[in-house]
Amino acid sequence: MNYFKQIYYEMKHQKMMTWVSISGTALAIFLVMSFIVADQINTVEVAPETNRSRILLGKGIHIKMDSQDGSTMGWNSDFIKKIYEGLEGVELISYIRDGNSNNTLSVPGQEGMTFLPKRIDANFWKMYDFKFIDGRPFNQGEVDSNAKVIVLTRSAARKLFGEENVTGRTVEVNMVDYQVVGVVDDVHPLMNGTFAHFYVPFHGADYDRNDDPFCGGTNVRLLLKEGTDIASVKKEVEQRYQRLNGEKAKEGIEFIYHDQPYTSQEEGMSFGSNNSPNMKTHNTVQWVVYAILILLPAINLSSMTRGRLRHRVAEIGVRRAFGAKRRSIVWQLFGENFIITIIGGVIGLVLSAAFIMLASHLFFKYYGGLEASSLDLIYARPSFEMMFSWINFFICLGFCLVLNILSATVPAWKASRVEPAIALSGR
Amino acid sequence: MAIITLKDVNKVYRTKEIETLALENVNLEIGKGEFVSIMGPSGCGKSTLLNIIGLLDVPTSGVVDLMNEPTERMSDSRLSEFRNRNIGFVFQSFHLIPSLNVADNVALPLAYRNGISAKERHEKVEAVLTRLGLSHRMRHFPGQLSGGQCQRVAIARAIIGDPQIVLADEPTGNLDSKMGQEVMEILHQLNKEDGRTIVMVTHNESQARMTDRIIRFFDGRQVE
Ligand SMILES: Nc1ncnc2c1ncn2[C@@H]1O[C@H](COP(=O)(O)OP(=O)(O)OP(=O)(O)O)[C@@H](O)[C@H]1O
Ligand SMILES: [Mg+2]
């Protein structure tokens, strides 16, 4: 098509300007998409966290006792049920322990190695989409009886045994013998709801404190029924806290609600355990940032476009002389500019993906203790499926369009208004 | 029968400092099939006149009728269509689009006309370039051609849409005499064989004498 051919030759004729326009666009899209992708990693649904949008996380408790602030990362194993059991719209509830430090695992005749555990109940396996490459998950009977069973990840099994199909074998966890019942595929460390090197039954009572009826070591995950309104679940939790606060006021105890349980997006944001996540502010800030990142380059690109058009005034005059309407001129220039924008946009998108891959440690909050583990350095980067989605592609396209409209509308319109006689005379 | 009629046409250019009366009370009739030369010293308003005839510029006052149609009420879009159908332009500096090859340059007027298939366009381009002896240069770019070849490409572009009127502003001004001679022969051909009306601005007396009529200008006024 003549159209594309001409654009190609224009680009060749005006290498410098084309280069500056494309790289300017690429830079803008790169910055915006980096922000967006970084933000989305907290919500992207990749196995095993394929139900992420329906899962809420209860992360901790904030209590004021006689006006003394106190907070912990977990609840007492009985008390937590008062808050979370039997909520409207909840399909499955899972009690686990979120705060874990490294454990030493060893097999007979070998030196111990450090791994990151997750202590979970049987519902956890149902809530998430783990891929078993050997054996089975442990069941609730084993959890309740505090059975010494363990599910390893593929790479932990490899490290310990040199192979993956190790169901039935024995491994020592902190000097206690556990029996391997299953092996699952590795979980990406950015999947911070599920990431661990091995999984063992969680026995909540073991983490309760003798003298504390509220705080302990238990956390909770809620899987909501399809279509449940997250706000209504939060509302019900809040009401339960309020009722408790009414009962406990005379003892000088106050529970502070903090909008829990959290969505994965809220959880992915950094905020102290004594603060509430503020999604509204977060989102507003995001959009202001995007707007700035698009507007600033648009101003520059607009003057680049004008510069490119200055070389083509005579051409516009010729086209007008031979019958081009103003409208055709505007569309042509718009289209040309859009193609340059798209080229820049695709480059920017690819760059942002590459950048996030390589510099992921700057962007994301990894599960604590990851640094200490030598195992995961290979895959401590977002995987392709976490980074790329068609939605992002279309968001990117949308930003290109906005950039194009901002940078080409005025120059194209102005060019189309030049009187043909003047355009041709070069005055 | 007149194909171009100008009545009491004035053109004033106003800039901040000065006001230039580029055309003063011009009355002109050019018949269908005529080949007319316009002569006069530099700055006397020849190009201005041609632009006004070609609907590239509007007179400050007065009336321009082309092919018996009054043009003063035409919208910009209607003017574009009218130019596209009825007028072909040839410029002193060729004004080929450097980023398009010869075939695409020549096809330009057809790009702004509805209902022409790619095949038809291609055939027309080939026919007109063959007529002008340039069919072997279709894929070349203007930068790869001599001045004379460029002007022949420009003439091909001017006539591909089969306009009745061809306006040429110093078409040989940038060419040496041999190439200029070639271009003049082609213009005469377009006039004799196709019956096109040609209005040409020139500084060359002998070229002008070969045409049907010479109109002379001085300081914006028609003197002969
Ligand atoms: N767009 C314009 N703005 C201001 N003045 C103009 C404009 N176009 C033409 N003029 C003036 O109008 C007068 C006529 O100009 P025009 O280009 O028609 O002359 P010309 O006869 O074609 O001259 P030449 O032989 O040098 O091409 C000149 O004085 C010129 O400076
Ligand atoms: Mg002139």
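Chain letters run A, B, ... following the sequence lines, proteins first and then strands; every chain starts at 1.
Of all non-hydrogen atoms in A:F322 and B:P109, the two that sit nearest each other are CD2-CG, 3.5 Å. Counting all heavy atoms, side chain and backbone alike, B:R83 lies closest to A:A324 at NH2-O, 4.4 Å.
Contact of B:F82 with chain A is not made at all, since no heavy-atom distance falls under 4.5 Å. Only the side chain of B:N101 comes within contact range of chain A, with heavy atoms under 4.5 Å apart. Neither the backbone nor the side chain of B:R113 comes within less than 4.5 Å of any heavy atom of chain A.
For A:I391, the CD1 atom sits in a loose shell: 12 or fewer heavy atoms of surrounding residues, nucleotides or ligands are nearer than 6.0 Å. In B:R78, the CZ atom is crowded: over 12 heavy atoms of neighbouring residues, nucleotides or ligands sit closer than 6.0 Å.
Note: A:K325 NZ to B:S75 OG = 8.0 Å, rounded to the nearest 0.5 Å. Here NE2 of B:H95 is found 14.0 Å from CZ of A:R319. Values are rounded to the nearest 0.5 Å. Taking CD from A:E336 and OG from B:S99, the interatomic distance works out to 8.0 Å, rounded to the nearest 0.5 Å. In this structure, CG in B:L50 is found 11.0 Å from CG in A:L424, a value given to the nearest 0.5 Å.
A salt bridge is defined here as a Lys NZ or Arg NE, NH1 or NH2 lying under 4.0 Å from an Asp or Glu carboxylate O, and A:R417 with B:D76 fails to meet this definition.
Highest contact tally toward chain B, considering only A:A314, A:P420, A:A321, is held by A:A321 [criterion: heavy-atom pairs under 4.5 Å]. Ranked by heavy-atom pairs under 4.5 Å with chain B, the first of A:R327, A:R312, A:R326, A:E419 is A:R326.
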